[in-house]
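We number each residue from 1, following the sequence as shown. Note: hydrogens, waters and symmetry copies are ignored here, and every other heavy atom, side chains too, is used. Quantities reported herein were computed from a predicted structural model and do not represent experimental measurements.
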Amino acid sequence: MSIKEKLYQECVLYVEKREQTIKEIINSNQKALLSETKSSAGDKHETGRAMLQLEMEKASQQIVVVQQMKETLAKIDIKNAHNLVRLGSIIVTEKVNYFIAISLGKATVDTTNYFIISSSSPIGKVFLGKKEGDTILFNGNSITIQAIL
């Protein structure tokens, strides 16, 4: 399995785990809503239901984000290398290595650290369209692209 495939797999596992967690929260909140019984403290009951409703809305918004991540991952071509940085590129620099996919953060594959970043992140936007040997300036740091995988 190539490094790109391993990084891609990290992203898929992250999205699946996040989706599972959100679904568990939704199920838990649905059960809590159904089991809520009217008590003599009516205001307290209504507040509890309102809080659960808010949690459900938050979880629904998170499901939308997870769906967007899945769509982004589906667009990634892990089989081919390209000359220009694009979605699915691994960028090797003198300081840090990056994988353009979804916003996941730091991942270690085969003892090498990678920052898995979104193409819409500030640094992701700067990298897009660049080629090997190009130098970018980000947050006052000069970063030279040594290789694009």
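Ile136 CD1 to Ile143 CD1: the interatomic distance, rounded to the nearest 0.5 Å, is 4.5 Å.
A salt bridge links Lys23 to Glu19: one of the charged nitrogens lies within less than 4.0 Å of a carboxylate oxygen.
Residue Asn83 places its CG atom among 12 or fewer non-hydrogen atoms of other residues, nucleotides or ligands, all under 6.0 Å distant.
Evaluated for a side chain to side chain contact (heavy atoms under 4.5 Å, CB included) with Phe99, the options Leu149, Ile117, Ile116, Val109 yield exactly one hit, Ile116. Partner of Leu13 under the side chain to side chain contact (heavy atoms under 4.5 Å, CB included) criterion, chosen from Lys17, Gln9, Glu10: Gln9.
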(message) Apply side-chain contact (heavy atoms from CB on, under 4.5 Å) to residues Tyr114 and Thr112 and explain how you reach the verdict.
(response) CA-CA 7 Å; Tyr114 296 87; Thr112 303; 3.7 Å; yes

(message) If you apply the rule side-chain contact (heavy atoms from CB on, under 4.5 Å), what do you find for Gln62 with Val66, and how did you get there?
(response) CA-CA 6 Å; Gln62 290 175 344; Val66 166; 5.6 Å; no

(request) Under the side-chain contact (heavy atoms from CB on, under 4.5 Å) rule, what do Ile102 and Gln68 come out as? Steps first, then yes or no, please. (result) CA-CA 9 Å; Ile102 59 174; Gln68 290 169 339; over 6 Å; no

(request) Check step by step if side-chain contact (heavy atoms from CB on, under 4.5 Å) holds for Lys130 and Ile91. (result) CA-CA 10 Å; Lys130 299 294 187 266; Ile91 305 163; over 6 Å; no

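Ser28 places no side-chain N or O within 3.5 Å of a backbone atom of Glu24 that could act as its donor or acceptor partner. For the pair Lys131 (side chain) and Ile148 (backbone), a donor-acceptor distance under 3.5 Å is absent. Here the side chain of Tyr8 pairs no donor or acceptor atom with the backbone of Ala101 at under 3.5 angstrom. When atom types are taken as modelled, the side chain of Thr93 and the backbone of Lys95 share a donor-acceptor pair closer than 3.5 angstrom. With hydrogens and angles disregarded, a donor-acceptor distance shorter than 3.5 Å links the side chain of Lys4 to the backbone of Asn80.
Annotation for Ser119 and Leu128: closest pair O-CD1, 3.7 Å, computed over non-hydrogen atoms. Across all their heavy atoms, Leu84 and Ser89 have their closest contact at O-OG, 3.8 Å.
At a threshold of 4.5 Å between side-chain heavy atoms, the hydrophobic network of Ile, Leu, Val, Met, Phe, Trp and Tyr places Ile78 and Leu104 in one connected group. In this structure, Met51 is not a member of the same hydrophobic cluster as Ile25, with clusters built from ILVMFWY side-chain heavy atoms closer than 4.5 Å. Val96 is connected to Val126 through a chain of hydrophobic side-chain contacts under 4.5 Å among Ile, Leu, Val, Met, Phe, Trp and Tyr, so both are in one cluster.
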